[in-house]
Each structure stands twice: as structure tokens, then as C-alpha cells.
Amino acid sequence: MTKEEIFETAQKAILEANASVVEETARRGLDEGIAPMELMNQGFIPGINKVGDLFGVGKLFLPELIQSAEVMQKATDIINAALPADQEKGMGKIVVGTVEGDIHDIGKTIVVSLLKATGFEVVDLGRDVPVDRFIEEAEKGGAHIIGSSALLTTTMEGQKKIEQELKKANLKDKYKTIVGGAPVTQRWADRIGADAFAEDAADGIRKAKELLGKG
Ligand code: B1M
């Protein structure tokens, strides 16, 4: 199979929620030397995005969305396991989570894995995380960055609340903030006063390094 065929098969398998083909394609792609993030970005992510588009226009329904999300999780597990081993934790400490009311965590988990593989110490708060917890955990563990993910236009407000709460507690200068998630933009980051916006996982790593002067 060519690289393009592998990407196409990966995309189709997510769309069809075909778990065995997803696993086989993930392993085959890696065995053939495709870089884990390339396989993710060119194969599996376009697949789940397509599912989202079809769901958005009513051509797919919730049970199918859930099935595709489940097989996407399998692909993510295989890809994450193939990332370079976690590095020495010398890059800085980051608290990351998906904001309250939001259970989308596939993208956040990819970002966490890549951060770890790059040498960041990561406190992964999971999903549906209340604003206060981001700040409490950062305070507890001496983090440098607070990173939040939001996939719903409604839950993006949680990212705004993080900025507001940090200001209220006079902690805005103590932590850098990064926001990400499909509906999130640079414009949103600017509007709420976040220090950085990350388009994808690789951009997240780039921005985190820049914020800590290690870029
Ligand atoms: Co939902 N969902 N979903 N969903 N879902 C979306 C987001 C949606 C756009 C689909 C659509 O309608 N077209 C839509 C939101 C519409 C809107 O807000 N305007 C939607 C909806 C409506 C819903 C429900 C309300 C459906 C319902 O119940 N009726 C419900 C909400 C539940 C809730 O959260 N309260 C729901 C549920 C679900 C599932 C549980 C079935 C499942 C999630 C499973 C899981 O995550 N464990 C799911 C999925 C899979 C999606 C889509 C199809 C795919 C999301 C995804 O995993 N993308 C999504 C459509 C879409 O986004 N196009 C959709 C792949 C992932 C790698 O990308 O998360 O963007 P992403 O992460 C990227 C970057 O954004 C960035 O890096 C990542 C890697 O490249 N990034 C960061 C993300 N976070 C970052 C943080 C950083 C840095 C970078 O620093 C900290």
C-alpha cells in the first residue's frame, strides 16, 4: 500500500467505525515507517472530521458518531504508544484539561502525549474539568502553563472563565495560558486574553516552548 492508500483506508475505517481495520491500518502505517503524527493528521483526524461534518448536516446520527469516536480512540491509543518515549521533564510543567461541560478528549489526549514526549511534565486533568480545578492544580503543583481544550461553542466560555478567575485571583502573571479545540481561534484567544492559541498538537508544543522562552 502507498502512504496515500494507508491514509485513505484510515479515513474510511473511521467513517465506517470499523475497529479491526482501524487497528490494522494504524499498525501497518507505523510498520511502514509513517511518522505517528503524520498518520494521525493525514489519516485518522480527517476521518473523524468527516464524521463530524456528516453529523453536523444530519447525515449521520449520534450512535454512529459514538461508534466512530470509539474506534478513533483505539487509533489514538496505538498512535500515542508509538510516540517517542517520555523525555526528561526539563521543559516545564503544564496543567491540561477539557473544560467543564465538555467530554471531548481525543484531541486533548493527543496534545498531552506529545507534550510528554517533548519533555514537559503534564498534569492531565481529563475532561469536564471545572475552572477552579485548573487553577487549584496549577497552584498545587507549581505549573508554568494552564492549557485548556474546548470542542463546543458553548463550552469555550470555560476558557474565558479561566482567564477571568486568574485575573480575579491576581494570578494572571504567574501562569501562561494556551487554548485549543476545533472551534477555538487566535481571535478567540486574543479576545479572552489567553497567551496562546494552538491549532493542533504540534502547534501546542511550539507555543508552549515559546511561552517558556524555549522555542
Ligand atoms: Co461531538 N461535537 N458532540 N462528540 N464531536 C463536535 C465537536 C461537533 C462540531 C460535531 C458537529 O456537529 N459537526 C459538535 C459541536 C457543535 C458546536 O458546538 N457548535 C458536537 C456535538 C454537537 C456533540 C454533542 C452535543 C452531540 C449530542 O449529544 N447531541 C455531544 C456533546 C457532549 C459533551 O461534550 N457535553 C457530543 C459528543 C461526542 C462524542 C462523545 C460522541 C465524541 C467525543 C469522544 C471523545 O472525545 N472521547 C464526539 C466527537 C468525536 C466529535 C467530533 C466528530 C470529533 C472531535 C475530535 O475528536 N476530533 C467533532 C467534530 C469536529 O470537531 N470536527 C464533534 C479529532 C481531534 C484530534 O481534534 O479535538 O479538534 P480536536 O483536537 C485537535 C486540535 O483542536 C488541537 O490539537 C488537537 C490535535 O490536533 N487541540 C489543542 C485541542 N485541544 C487542544 C489543547 C491545546 C492545544 C491544542 O492546549 C491545551
Side-chain angles (χ1 to χ4, degrees), residues 10-11 14-15 17 22 36-77 79-80 83 92-118 120 122-129 134 137-138 143-159 162 175-186 188-189 194-211:
Q11 218 183 110
I14 294 289
L15 197 58
V22 161
M37 287 314 291
E38 188 183 0
L39 188 51
M40 196 61 186
N41 290 334
Q42 312 275 342
F44 295 109
I45 292 182
I48 197 73
N49 283 341
K50 179 87 184 151
V51 170
D53 291 346
L54 293 172
F55 176 74
V57 296
K59 288 194 175 158
L60 270 186
F61 299 98
L62 194 56
E64 291 149 318
L65 175 65
I66 293 171
Q67 279 171 359
S68 285
E70 279 169 6
V71 297
M72 180 69 187
Q73 194 58 62
K74 281 195 200 308
T76 308
D77 292 345
I79 301 286
N80 283 346
L83 287 172
K93 187 165 180 177
I94 175 164
V95 168
V96 183
T98 303
V99 294
E100 190 161 17
D102 200 325
I103 61 165
H104 296 86
D105 65 354
I106 294 172
K108 183 270 303 162
T109 306
I110 296 173
V111 174
V112 165
S113 302
L114 207 57
L115 281 166
K116 286 182 178 168
T118 318
F120 283 90
V122 185
V123 181
D124 183 356
L125 302 177
R127 55 192 185 173
D128 192 12
V129 182
F134 281 94
E137 290 295 330
H144 305 97
I145 302 177
I146 296 176
S148 61
S149 183
L151 266 287
L152 298 170
T153 43
T154 46
T155 57
M156 285 164 67
E157 279 298 309
Q159 297 180 323
I162 292 177
Y175 302 108
K176 299 291 182 193
T177 52
I178 301 185
V179 290
V184 177
T185 57
Q186 181 63 56
W188 172 249
D195 296 297
F197 156 67
E199 176 98 51
D200 56 26
D203 194 31
I205 281 43
R206 213 164 23 242
K207 298 285 169 61
K209 283 183 180 169
E210 275 171 23
L211 288 175

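Both counts, for ligands and for their atoms, begin at 1 and track the order of listing. Since the structure is predicted, the reported quantities are computational estimates derived from the model, not experimental observations.
Taken to the nearest 0.5 Å, the CG atom of Leu151 stands 7.0 Å off from the OG1 atom of Thr155. Note that CD1 of Ile178 and CD1 of Ile94 are 4.5 Å apart. Values are rounded to the nearest 0.5 Å. One finds the CD atom of Glu210 at 12.0 Å from the CG atom of Asp195 (value rounded to the nearest 0.5 Å). The distance from atom CD of Gln11 to atom CZ of Phe44, rounded to the nearest 0.5 Å, is 10.5 Å. Distance check: Thr109 OG1 to Ile79 CD1 gives 14.0 Å after rounding to the nearest 0.5 Å. We find the CG-CD1 distance between Leu125 and Ile146 to be 9.5 Å, quoted to the nearest 0.5 Å.
Atom 34 (O) of ligand 1 has its nearest heavy-atom neighbour, among Thr177, Leu114, Ile103, in Ile103. When the heavy-atom distances from atom 45 (C) of ligand 1 to Asp105, Thr109, Leu65, Leu151 are ranked, the shortest goes to Asp105. If you check each of Ala196, Gly107, Ala69 against atom 68 (O) of ligand 1, the one with the closest non-hydrogen atom is Gly107. Of the listed options Val184, Val95, Leu152, Asp200, Asp200 places a heavy atom closest to atom 77 (O) of ligand 1.
Of all atoms in ligand 1, numbered sequentially from 1 with element shown, those under 4.0 Å from a heavy atom of Ser148 are 86 (C), 91 (C). Those atoms of ligand 1 that come under 4.0 Å of a heavy atom in Asp102, given as number and element, are 34 (O). Within the listing of ligand 1, atoms 41 (C) sit less than 4.0 angstrom from a heavy atom of Ile66. Residue Ala198 approaches ligand 1 through these ligand atoms, each under 4.0 Å from one of its heavy atoms: 88 (C), 89 (C). Residue-ligand proximity, Glu199 to ligand 1, at heavy-atom distances under 4.0 Å covers atoms 74 (C), 75 (O), 76 (C). Near Val111, the atoms of ligand 1 lying under 4.0 angstrom from a non-hydrogen atom of the residue are 77 (O), 82 (C), 85 (C), 88 (C), 89 (C). Set against the non-hydrogen atoms of Ala182, the atoms of ligand 1 under 4.0 Å away are 62 (O), 70 (O), 75 (O). Shown in contact with Ile110 at under 4.0 Å from a heavy atom are these atoms of ligand 1, numbered in order with element: 67 (C).
Side-chain atoms of Lys207 come within 3.5 Å of backbone N or O of Phe197 as a donor-acceptor pair. Remark: side-chain polar atoms of Glu157 are not paired, donor with acceptor, to backbone N or O of Thr154 under 3.5 angstrom. Between the side chain of Glu100 and the main chain of Gly158, no donor-acceptor pair closer than 3.5 Å is present. In terms of modelled atom types and a separation under 3.5 Å, the side chain of Asp128 and the main chain of Gly101 share a donor-acceptor contact. Proximity of a side-chain donor or acceptor of Ser68 to a complementary backbone N or O of Ile14 within less than 3.5 Å is detected.
The shortest heavy-atom distance from Gly181 to ligand 1 is under 4.0 Å. Heavy-atom separations between Arg127 and ligand 1 include at least one value shorter than 4.0 Å. Residue Lys207 places every heavy atom at 4.0 Å or more from ligand 1.
When only interatomic distances are considered, the shortest N/O to N/O separation between Asp53 and ligand 1 does not fall below 3.5 Å. Note: an N/O pair closer than 3.5 Å links Ser149 and ligand 1 by distance alone. Considering backbone and side-chain atoms together, Phe55 places no N or O closer than 3.5 Å to any N or O of ligand 1. Taking distance alone, with nitrogen or oxygen atoms compared against 3.5 Å, Gly52 approaches ligand 1 more closely than that limit.
Distance remark: protein heavy atom present below 4.0 angstrom from atom 48 (C) of ligand 1. Of the protein's heavy atoms, none falls inside 4.0 Å of atom 8 (C) of ligand 1. There is a protein heavy atom less than 4.0 angstrom from atom 43 (C) of ligand 1. Using a 4.0 Å threshold on non-hydrogen atoms, atom 79 (C) of ligand 1 counts as touching the protein. Atom 59 (C) of ligand 1 lies below 4.0 Å from none of the non-hydrogen atoms of the protein.
Counting non-hydrogen atoms of neighbouring residues, nucleotides and ligands closer than 6.0 angstrom, the NZ atom of Lys93 exceeds 12 such neighbours.
Under 4.0 angstrom from ligand 1, there are no non-hydrogen atoms of Val51. Contacts between Ser68 and ligand 1 below 4.0 angstrom, taking non-hydrogen atoms only, are absent altogether.
Of the protein's non-hydrogen atoms, the one nearest atom 65 (C) of ligand 1 is Ile48 CG2, 3.5 Å. Protein heavy atom closest to atom 3 (N) of ligand 1, with residue, atom name and distance, is His104 NE2, 3.1 Å.
A 4.5 Å side-chain heavy-atom check between Arg206 and Asp203 finds at least one atom pair inside the cut-off.
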| query | Step by step, would you call Met40 with Thr76 a side-chain contact (heavy atoms from CB on, under 4.5 Å)? | reply | CA-CA 8 Å; Met40 196 61 186; Thr76 308; 3.5 Å; yes
| message | For a side-chain contact (heavy atoms from CB on, under 4.5 Å) check, start with the C-alpha distance between Phe55 and Glu64, then their side-chain angles and the critical distance, and finish with the verdict. | response | CA-CA 9 Å; Phe55 176 74; Glu64 291 149 318; over 6 Å; no
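Here the rule is side-chain hydrogen bond (donor to acceptor under 3.5 Å, both in side chains) with Lys108, and of Asp124, Asp102, Thr98 only Asp124 fits it.
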